[in-house]
Amino acid sequence: MALKLHNSLTRTKDEFKPLEEGRVGIYVCGPTVYGHAHLGHAKSYVSFDVLVRYLRYLGYRVTYVQNITDVGHLTDDADEGEDKIAKAAAKEHVHPMALAELYTRSYFEDMDKLNCVRPDISPRASGHIIEQIELVKTLLEKGYAYEVNGSVYFDVAKLKDYGKLSGRNIEEMVAGARVEPSPDKRNPVDFALWKKAEPNHIMQWPSPWGLGYPGWHLECSVMAMKYLGKTIDIHGGGLENQFPHHECEIAQSEAANGVPFVRFWLHNNMVTVDGQKMGKSLNNFITLKQAFAGDHERLNRYYEPLAVRQLILNSHYRSPLDFSDAALYAASSGYQRITEAVKAVRKHAKTAPSGGADKDILDQLDAAKAKFEEAMNDDLNTAVALSVLFDLVRLASKLTEDSGTTAETLGAVDQLFTQLGGDVLGIVQNEYIESVAASDEAVDKLAQILIAQRAEARKAKNFAQADAIRARLDEAGIVLEDKPDGTQWRWK
RNA sequence: GGCGGCGUAGCCAAGUGGUCCAAGGCGACGGUUUGCAAAACCGUUAUUCGUCGGUUCGAAUCCGACCGCCGCCUCCA
């Protein structure tokens with residue numbers, strides 16, 4: 001069965017075939033780096049990360065491009081308002097490029113924690129001003145754009161199929177326009193390709209039309225075609241960008257090149273928090289750093305980054321996802337269960353007898369793999385794919401409890417965990433660090449003393465004292481677990 | 001106002017005409033284990049898919065109405 005992806009352009013699940021045999025080019029709209037990444041970014045980029053990982057699993061050579069928007073994204077999309085980066089930079093009294101750099105690093109840091117593979121290319125909009133000017137020139141030459149007072153606008157009326165992605169038509173949009181159209185525009189739905197810069201605008205570049213800066217939509221068209229060609233296989237982004245951003249990208253690119261811009265448009269759905277749209281004013285705006293630290297009044301505790309990842313994968317990328325402390329807690333518990341199962345398999349494999357892999361188990365693993373692929377082939381049904389991992393957890397527990405299970409059998413289970421749960425879903429790690437972090441060394445020593453004392457008390461059947469030690473450690477946030485090979489501690 | 005989507009157990013969530021008298025996870029409950037716990041493991045947990053009506057031999061799945069929620073059109077991934 002072949003991979004099918006829901007294409008926003010056709011509104012159906014279409015069989016995916018790349019333009020060039022065996023190779024795939026993907027462009028995903030990246031962040032505008034004027035603040036720390038939040039839960040919404042996580043859903044979007046984890047979703048596309050899984051797409052990239054799965055395509056590679058299927059054997060494609062994937063080129064993954066995801067831009068960093070560091071200029072041109074205005075606070076108001078009707079081509080008015082301020083540049084988001086410049087506005088935030090002014091507030092923090094730093095140069096816009098310094099601000100962009102700070103949040104770019106922050107973004108990568110968070111995405112690394114979520115175990116998202118780095119894009120092959122992370123182009124910056126500010127690094128492609130020349131190419132953007134060239135595209136504007138082309139559009140002017142071909143008659144799709146016009147210049148007014150040092151700004152250049154795209155003439156939407158010149159493109160008959162404008163609106164094909166979002167299912168809108170120009171008349172409706174003009175009639176329903178809620179913002180006062182700019183007097184420079186011939187048509188209210190026209191959009192800026194190049195904006196004239198006011199003298200106090202820090203980010204500005206010389207152009208044939210005077211000093212200015214590029215319109216937001218321009219960068220994606222330019223960088224996508226520069227690195228992936230005039231027609232790209234897959235373009236991903238958030239649903240909220242379907243219009244106007246992606247529609248404008250199509251308009252610019254197809255007007256300039258005369259060929260289809262994107263073959264598959266993929267849009268991921270939005271995030272809500274406690275059932276409401278996430279917004280700064282609603283006090284439910286949660287950054288990833290806050291989630292990982294538990295530093296938000298909506299959260300009862302901190303959550304491991306991969307637990308957040310698991311919650312995202314638990315639902316479909318085209319469905320909205322409601323974040324709540326309860327949902328995160330549930331995902332976290334499930335994530336721990338998978339993690340413990342993988343660790344147990346690897347641990348047992350080291351001491352298990354050798355003797356070849358169990359044929360029956362191998363068959364079960366093949367069946368699990370087939371079920372996983374079938375789910376992923378169906379427009380990346382990660383919820384079902386994840387359920388296959390839980391099937392493996394159940395199988396693994398049976399095997400690790402049976403002392404007759406061979407190392408080869410356990411090795412095969414580990415391999416599938418690593419491949420499906422690790423390579424594709426990104427929630428199973430290749431290595432788990434068992435040792436206590438260096439900073440906890442002193443705590444570990446103290447805990448060991450108390451654990452030894454408790455062991456003596458238990459030996460003497462002084463359970464009152466033993467329980468008191470355990471209770472007081474619990475108060476300090478340390479949980480004791482009595483395992484067959486001794487007592488271990490962990491943070492609550 | 002225009003366009004689009006959603007409503008499945010206590011919670012999250014898959015399924016979109018029969019193989020579903022509905023995956024999986026969390027939680028809860030019962031059990032194994034334990035001195036007792038924790039952790040782990042096993043088992044149980046929706047005669048029903050927002051409401052009402054229709055199409056069909058057959059619907060959670062298609063159609064209509066209604067109720068509720070959400071998104072885009074205006075900054076957002």
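A note on names: the letters A, B, ... follow the listed sequences, proteins ahead of strands, and every chain is numbered from 1. We use all heavy atoms of the structure for the numbers below, so side chains are in, but hydrogens, waters and symmetry mates are not.
In this structure, His41(A) contributes its side chain and His38(A) its backbone to a donor-acceptor pair below 3.5 Å. Formation of a donor-acceptor pair under 3.5 Å by the Ser221(A) side chain with backbone atoms of Gln252(A) is not found in this model. A donor-acceptor distance shorter than 3.5 angstrom exists from the side chain of Thr339(A) to the backbone of Tyr335(A), with no hydrogens or angles considered. At least one donor-acceptor pair closer than 3.5 Å links the side chain of Asp70(A) to the backbone N or O of Ser126(A).
Protein atom CG of Asp322(A) is 20 Å distant from nucleotide atom P of G68(B), rounded to whole Å. A straight line from NZ of Lys483(A) to C1' of A37(B) spans 14 Å, rounded to a whole angstrom. Across the protein-nucleic acid pair, Phe323(A) atom CZ and A13(B) atom P stand 11 Å apart, rounded to whole Å. Rounded to whole Å, the distance from CD on Gln242(A) to P on A77(B) is 16 Å. To the nearest angstrom, P of U74(B) lies 15 Å from NE2 of His245(A). Nucleotide A37(B) holds its C1' atom 12 Å from the CZ atom of Arg490(A), rounded to whole Å. Across the protein-nucleic acid pair, Glu240(A) atom CD and C3(B) atom C1' stand 16 Å apart, rounded to whole Å. As a whole-Å value, the separation of Asp378(A) CG from U16(B) C1' is 11 Å.
Among the atoms of the strands shown, base atoms are found under 4.0 Å from some heavy atom of Leu480(A). Across all strands, His38(A) comes closer than 4.0 Å to base atoms (heavy-atom distances). If you check every strand for non-hydrogen atoms under 4.0 Å, Glu401(A) touches sugar and phosphate atoms only. Residue Gly238(A) is in sugar-phosphate contact alone, with no base atom involved, counting any heavy-atom pair closer than 4.0 Å across all strands shown. If you check every strand for non-hydrogen atoms under 4.0 Å, Val271(A) touches a base.
When each of A23(B), C41(B), C72(B) is scored by its nearest atom to the side-chain atoms of Met270(A), the top-ranked nucleotide is C72(B). Nearest nucleotide to the side chain of Asn268(A), out of A39(B), A77(B), A14(B): A77(B). Set against A77(B), C26(B), A14(B), the side chain of Ala330(A) has C26(B) as its closest nucleotide. Each of C42(B), G27(B), A77(B) was ranked by its minimum atom distance to the side chain of Ser397(A); first place goes to C42(B). Here G25(B) is the nucleotide among A13(B), A77(B), G25(B) with the atom lying nearest to any side-chain atom of Phe390(A). Closest to the side chain of Arg458(A), out of C12(B), G24(B), G35(B), is G35(B). Comparing G24(B), G35(B), G27(B) by their closest approach to the side chain of Ser333(A) singles out G27(B). Counting only heavy atoms from C-beta on, Arg394(A) has its side chain closest to G24(B) among A77(B), G24(B), G35(B). Closest to the Arg454(A) side chain, of the nucleotides G24(B), C36(B), G27(B), is C36(B). For Phe463(A), the side-chain atoms get nearest to G35(B) when compared with the rest of C26(B), G35(B), A14(B).
Interatomic distance, CG of Leu321(A) versus OG of Ser44(A), reported as 12.0 Å (0.5 Å rounding).
Below the 3.5 angstrom threshold, one finds no donor paired with an acceptor across the side chain of Asn381(A) and the base of G15(B). Counting distance only, with no hydrogens placed and no angle test, the side-chain atoms of Arg337(A) and the base atoms of A40(B) include no donor-acceptor pair under 3.5 Å. For a distance-only test at 3.5 Å, the side chain of Asp482(A) qualifies as a donor-acceptor partner of the base of A37(B).
Nucleotides C11(B) and G50(B) have their P atoms positioned 14 Å apart, rounded to a whole Å. If you take atom P in C62(B) and the same atom in C49(B), they sit 15 Å apart, rounded to whole Å. Rounded to the nearest Å, the gap between the C1' atom of A23(B) and that of G4(B) is 28 Å. Taking atom P on both G64(B) and C69(B), the two are 22 Å apart, rounded to the nearest angstrom. Using atom P as the reference point in both A39(B) and G30(B), the two lie 15 Å apart (nearest Å). Here the separation of A59(B) from U8(B), taken at their C1' atoms, is 14 Å to the nearest Å. When the P atom is compared between U34(B) and C29(B), the two are found 22 Å apart, to the nearest whole Å. Nucleotides U19(B) and G35(B), compared at atom P, are 49 Å apart to the nearest Å.
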Between side-chain atoms of residues 465-480 of chain A and protein atoms elsewhere (two or more places apart, or another chain), which donor-acceptor pairs fall under 3.5 Å?
from	atom 1	to	atom 2	distance (Å)
Gln465(A)	OE1	Asn462(A)	ND2	3.1
Asp474(A)	OD2	Lys492(A)	NZ	3.2

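Side-chain polar atoms of Gln448(A) and Asp444(A) form a donor-acceptor pair below 3.5 angstrom.
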Which dot-bracket notation, 5' to 3', represents the base pairing of RNA chain B when pairs are defined as Watson-Crick or G-U with both distances under 3.5 Å, crossing pairs as [ ], and inter-strand pairs as |? ((((((((.[[[..)..(.....]]]((((((.......))))))....[[[[[..)....]]]]])))))))....
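Under 4.0 angstrom from either OP1 or OP2 of A14(B) there lies at least one side-chain N or O belonging to Ser319(A).
Cation-pi geometry between Arg337(A) and Phe390(A) is not satisfied (NZ or CZ under 6.0 Å from the ring centre, within 45° of the ring normal). Within the cation-pi definition used here (under 6.0 Å to the ring centroid, within 45° of the axis), Lys195(A) does not qualify as a partner of Tyr213(A). Cation-pi check for Arg105(A) over Tyr107(A) is not met; the charged atom does not lie both under 6.0 angstrom from the ring centroid and within 45 degrees of its normal.
Less than 4.0 Å separates RNA chain B from no heavy atom of any residue of residues 107-120 of chain A.
Salt-bridge formation is detected for the pair Arg346(A)/Asp414(A): a Lys NZ or Arg NE/NH1/NH2 atom is positioned less than 4.0 Å from an Asp or Glu carboxylate oxygen. In this structure, Lys483(A) pairs ionically with Glu481(A), as a charged nitrogen and a carboxylate oxygen lie closer than 4.0 Å.
In this structure, the ring of His267(A) has its center less than 6.0 angstrom from the ring center of His246(A).
Heavy-atom distances to RNA chain B give each of Thr272(A) and Tyr317(A) a nearest nucleotide, and the one nearer the 5′ end belongs to Tyr317(A). Toward the 5′ end of RNA chain B lies the nearest nucleotide of Ala464(A), the other residue of the pair Thr32(A) and Ala464(A) mapping further downstream.
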